[in-house]
Amino acid sequence: MFSDLGECLISAEQIQDKVRQMGAVISRDYQGKDLVVVGILKGSVLFLADLIRYITVPLSIDFVAVSSYGASTTSSGVVRILKDLEESIEGKHVLIVEDIIDTGLTLKYLLENLWARNPADVKVCVLLDKPERRKVDVKIHYQGFSIPDKFVVGYGLDYNEHYRNLPGVWTLKPEIYSK
Ligand code: 5GP
């Protein structure tokens with residue numbers, strides 16, 4: 001399976017350094033606020049689990065699942081909620097945590113959907129950003145790494161449900177996903 005990997009784009013150490021820094025900034029920004037960290041399943045699970053350990057203010061966590069690309073690597077542009085939040089976010093300060101922003105369609109949809117529930121605030125935290133691929137404008141409040149337009153796996157990101165457990169971020173050999 002690992003023979004399908006290309007290069008290591010971001011090492012586990014680089015990720016942990018960055019996530020620690022992001023956690024420190026978020027801790028400062030959310031002092032005294034009622035924070036709900038919302039992870040987008042499944043890709044954000046590793047990032048969220050590490051990030052909240054670096055956040056020092058009280059928080060709760062919740063998850064949404066949205067329709068994703070499935071086995072394909074190109075965006076359909078159609079977003080659907082597969083699993084909704086369990087708690088109300090009315091009056092809360094929501095921080096959406098996402099593994100990667102690509103076209104921006106998923107986050108744009110989710111932002112509109114969550115804002116309609118009368119939260120005090122909704123902000124976006126993404127580990128990876130592929131700016132070249134953006135189709136819609138989405139404001140990112142906390143961003144880890146900007147990466148080139150390559151399909152990546154690891155640290156929560158999958159290809160056909162594999163590779164999520166890699167501690168770093170890797171490219172996949174193009175011949176694998178263009179099959
Ligand atoms: P967007 O709606 O911004 O186009 O896409 C966001 C979602 O696309 C991410 O949550 C992720 O599931 C998927 N995605 C985008 N780029 C990649 C990539 O390079 N690798 C993987 N594994 N998923 C990606």
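As the structure is a prediction and not an experimental result, all values here were calculated from the model.
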> Can you check side-chain contact (heavy atoms from CB on, under 4.5 Å) on Val57 and Leu35, steps first, answer last?
Replying inline: CA-CA 8 Å; Val57 297; Leu35 172 60; 4.1 Å; yes
> How far apart are the C-alpha atoms of Leu157 and Ile100, what are their side-chain angles, what is the distance that settles it, and do they pass the side-chain contact (heavy atoms from CB on, under 4.5 Å) test?
Replying inline: CA-CA 8 Å; Leu157 288 155; Ile100 188 165; 3.6 Å; yes
>> Checking Val153 against Val169 for the side-chain contact (heavy atoms from CB on, under 4.5 Å) test, could you report, in this order, the C-alpha distance in whole Å, the side-chain angles of both residues, the deciding distance, and whether it holds?
In response: CA-CA 6 Å; Val153 294; Val169 171; over 6 Å; no
> side-chain contact (heavy atoms from CB on, under 4.5 Å) between Val136 and Leu107: does it pass, once the steps are laid out?
Replying inline: CA-CA 10 Å; Val136 288; Leu107 279 169; over 6 Å; no
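Of the inter-residue distances, the one linking Leu51 atom CG with Ile61 atom CD1 reads 11.0 Å to the nearest 0.5 angstrom. Atom NE2 of His162 and atom CG of Leu5 lie 12.0 Å apart (nearest 0.5 Å).
Evaluation of the side chain to side chain donor-acceptor pair (under 3.5 Å) rule for Gln143 yields Asp129 as partners, not counting sequence neighbours. For Glu112, the salt bridge (charged side-chain N to carboxylate O under 4.0 Å, His left out) partners are Lys108, not counting sequence neighbours. Among residues two or more places apart in sequence or in another chain, the side chain to side chain donor-acceptor pair (under 3.5 Å) test is passed with Ser27 by Thr56. Scored by the salt bridge (charged side-chain N to carboxylate O under 4.0 Å, His left out) test, Asp34 finds no partners at all (sequence neighbours excluded). For Arg53, the side chain to side chain donor-acceptor pair (under 3.5 Å) partners two or more places apart in sequence, or in a different chain, are Asp50. Qualifying side chain to side chain donor-acceptor pair (under 3.5 Å) partners for Lys173, counting only residues two or more places apart in sequence or in other chains: none.
Clustering ILVMFWY residues whenever any of their side-chain heavy atoms sit less than 4.5 angstrom apart, transitively, puts Val97 in a cluster other than the one holding Ile89. Ile10 and Val126 are assigned to two separate hydrophobic clusters, defined by single-linkage of ILVMFWY side chains at heavy-atom distances under 4.5 Å. No continuous path of ILVMFWY side-chain contacts below 4.5 Å connects Ile140 to Val25, so the two sit in separate hydrophobic clusters. By the criterion of side-chain heavy atoms lying less than 4.5 angstrom apart, applied directly or through intervening Ile, Leu, Val, Met, Phe, Trp or Tyr residues, Ile26 is not grouped with Val124; the two fall into different hydrophobic clusters. Hydrophobic clustering (side-chain heavy atoms under 4.5 Å, transitive across Ile, Leu, Val, Met, Phe, Trp, Tyr) keeps Leu46 apart from Leu166.
The nearest pair of heavy atoms linking Leu48 to Val38 is CD1-C, 4.3 Å. Looking at every heavy atom in both residues, Trp115 comes nearest to Val122 through CZ2-N, 3.4 Å. Nearest heavy atoms, Leu41 versus Ala65: CB-CB, 4.1 Å. Cys125 and Met22 get closest at one heavy-atom pair: SG-CE, 3.7 Å. The two residues Pro131 and Ile147 have their closest heavy-atom pair at CD-O, 3.8 Å.
Residues Ile40 and Leu110 have side chains in contact (heavy-atom distance under 4.5 Å, counting atoms from C-beta outward). In this structure, Ile96 and Lys123 have side chains that are not in contact, with every pair of non-hydrogen atoms separated by 4.5 Å or more. Contact of the Leu111 side chain with the Val138 side chain is registered, since non-hydrogen atoms from C-beta on lie closer than 4.5 Å. Residues Leu128 and Val152 are in side-chain contact: their nearest non-hydrogen atoms beyond the backbone lie under 4.5 Å apart. Residues Val19 and Leu127 have side chains in contact (heavy-atom distance under 4.5 Å, counting atoms from C-beta outward). Side-chain contact check for Leu59 versus Leu95: every heavy-atom pair is 4.5 Å or farther apart. Counting heavy atoms from C-beta outward, Asp4 and Tyr163 have side chains that approach closer than 4.5 Å. Between Arg117 and Leu85, the closest side-chain pair of non-hydrogen atoms falls below 4.5 Å.
In this pair, Tyr30 and Tyr142 present their aromatic rings tilted. The plane angle is within the 30 to 60° band. Taking the six-membered ring for Trp and thresholds of 30 and 60 degrees, Tyr155 and Phe47 have ring planes inclined between 30 and 60 degrees apart.
Arg134 places no side-chain N or O within 3.5 Å of a backbone atom of Gly104 that could act as its donor or acceptor partner. Between the Asp62 side chain and the Glu86 main chain, a donor and an acceptor come within less than 3.5 Å of each other. At least one donor-acceptor pair under 3.5 Å links the side chain of Thr171 to the backbone N or O of Glu7. Between the Ser44 side chain and the Glu98 main chain, no donor and acceptor come within less than 3.5 Å of each other.
Enclosure of atom CG in Asp137 is not indicated, since only 12 or fewer non-hydrogen atoms of other residues, nucleotides or ligands lie within 6.0 angstrom. Under a cut-off of 6.0 angstrom, the local environment of CD in Gln16 is crowded, with over 12 non-hydrogen atoms contributed by other residues, nucleotides or ligands.
In this structure, Lys18 is positioned above the aromatic face of Phe145, its NZ or CZ under 6.0 Å from the six-membered ring centre and within 45° of the axis.
Arg164 has no carboxylate O lying under 4.0 Å from a charged side-chain N of Asp99, or vice versa, which leaves the two without a salt bridge. Electrostatic pairing of Glu161 and Lys42 counts as a salt bridge here, judged by a charged N lying under 4.0 Å from a carboxylate O.
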